[in-house]
Amino acid sequence: MIFKRFNEDISAFMARDPAARSRLEVVLCYPGFHALVFYRITHFLWGLGLKVFARWFSQLGKFFTGVEIHPAAAIGRRFVIDHGDGVVIGETSEIGDDVTVYQGVTLGGVSPSVDSRTQVNRKRHPTLNDGAIIGSGAQVLGPITIGEGARIGANAVVHKDVPAGVTAVGIPARVVMPRDKDKAGQFVAYGEPAEGCPDPVLRTIESLRGQVAALMEKVEELESRQEGSRPAPEEEPEEKKTIVSAGE
Ligand SMILES: CC(C)(COP(=O)(O)OP(=O)(O)OC[C@H]1O[C@@H](n2cnc3c(N)ncnc32)[C@H](O)[C@@H]1OP(=O)(O)O)[C@@H](O)C(=O)NCCC(=O)NCCS
């Protein structure tokens with residue numbers, strides 16, 4: 001089972017990194033792949049309740065690969081970490097299938113781990129849905145969701161949900177339209193969607209849905225801002241009200 005997983009992980013590296021020439025090269029030379037092997041072992045140990053050992057082994061993995069993945073994070077199939085260095089994946093992160101992240105990406109928290117009222121350990125790291133791509137150096141912060149097939153630009157700082165199929169760039173990240181419209185909803189290496197949905201028409205529809213959702217969100221934000229700045233209706237003076245009712 002675990003070897004079958006590794007086999008498809010290697011295939012994913014081959015498919016998504018144009019520089020990968022052979023499976024042996026991935027096994028020997030890809031720190032992102034090594035980090036994934038460490039993670040799959042530490043996640044298994046964590047599940048057995050060997051938490052300190054899992055953390056220690058995970059730190060050993062960080063020493064060799066430069067990638068820190070908390071053993072409790074939930075990571076799906078065919079996950080690719082390209083180059084690896086400086087990637088940090090926090091404890092309550094959830095990652096779907098066919099996700100790609102580049103070097104320097106943080107899936108981090110912005111709030112303390114334990115709810116001071118209930119003492120419950122709460123989710124504080126992001127969720128990346130299937131086929132998401134996170135560009136190098138991007139910081140994805142808080143318990144937010146990056147939608148299916150969404151692309152996050154290099155060095156973006158994301159602290160709000162990103163709809164499926166869109167591209168978000170900048171600090172704070174905002175949704176942009178790709179210059180080449182045919183690219184919407186697809187992926188080519190270095191920011192191109194994974195092989196999650198092979199049908200280009202469906203991918204384009206997904207992308208348009210995501211963009212409509214992002215626009216709706218913007219409209220709602222503008223409406224609530226406008227409502228906030230509108231002055232409250234003035235109360236009629238007491239005297240005027242009495243005159244009107246006397247005349248009735
Ligand atoms: C975000 C990304 C996927 C967008 O690719 P794309 O769909 O081809 O988008 P475009 O190049 O058409 O750009 C669309 C707009 O976003 C802007 N943009 C693109 N990437 C950006 C980034 N990282 N930061 C800020 N703005 C960016 C472009 O300037 C353009 O703006 P404009 O319309 O005002 O001119 C790509 O630029 C990216 O950052 N990929 C990550 C690559 C990476 O991490 N490589 C590491 C390899 S080791």
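Order of appearance sets the numbers: ligands from 1, and atoms from 1 within every ligand. Below, all heavy atoms of this structure are taken into account, side chains as well, without hydrogens, waters or symmetry copies.
- Checked options V87, V88, I95, V101; the residue passing with L107 is I95 (criterion: side-chain contact (heavy atoms from CB on, under 4.5 Å)).
- The contact set between ligand 1 and H83, taken as ligand atoms under 4.0 Å from a residue heavy atom, comprises 48 (S).
- Checked by distance only, ligand 1 and S136 come closer than 3.5 Å through their nitrogen or oxygen atoms.
- T42 and R55 share no donor-acceptor pair across their side chains, judged by distance under 3.5 Å alone.
- Side-chain contact annotation: Y30 with D17, donor-acceptor N/O pair under 3.5 Å present.
- For the pair V105/Q139, no side-chain contact is recorded, criterion being any heavy-atom separation below 4.5 Å from C-beta on.
- Relative to atom 23 (N) of ligand 1, the option among G170, A156, A154 with the closest non-hydrogen atom is A154.
- Residue L128 is tested with I134, I144, T145 for a side-chain contact (heavy atoms from CB on, under 4.5 Å); the sole match is I134.
- Between the side chains of H125 and T92, at least one donor N or O sits under 3.5 Å from an acceptor N or O.
- The G135 neighbourhood of ligand 1 comprises atoms 41 (C), 44 (O), with distances under 4.0 Å to a heavy atom of that residue.
- Of all atoms in ligand 1, listed by their number and element, those nearer than 4.0 Å to a heavy atom of G153 are 1 (C), 23 (N), 39 (O).
- Each of the atoms 1 (C), 4 (C) of ligand 1 lies under 4.0 Å from some heavy atom of T167.
- Taking 4.0 Å as the cut-off between side-chain N and carboxylate O, R16 and D98 count as a salt-bridged pair.
- Using a 4.0 Å cutoff on heavy atoms, V176 counts as a contact of ligand 1.
- In terms of polar-atom proximity, defined here as any N/O pair under 3.5 Å, R174 makes no such contact with ligand 1.
- The distance from ligand 1 to the heavy atoms of Q103 drops below 4.0 Å at these ligand atoms: 48 (S).
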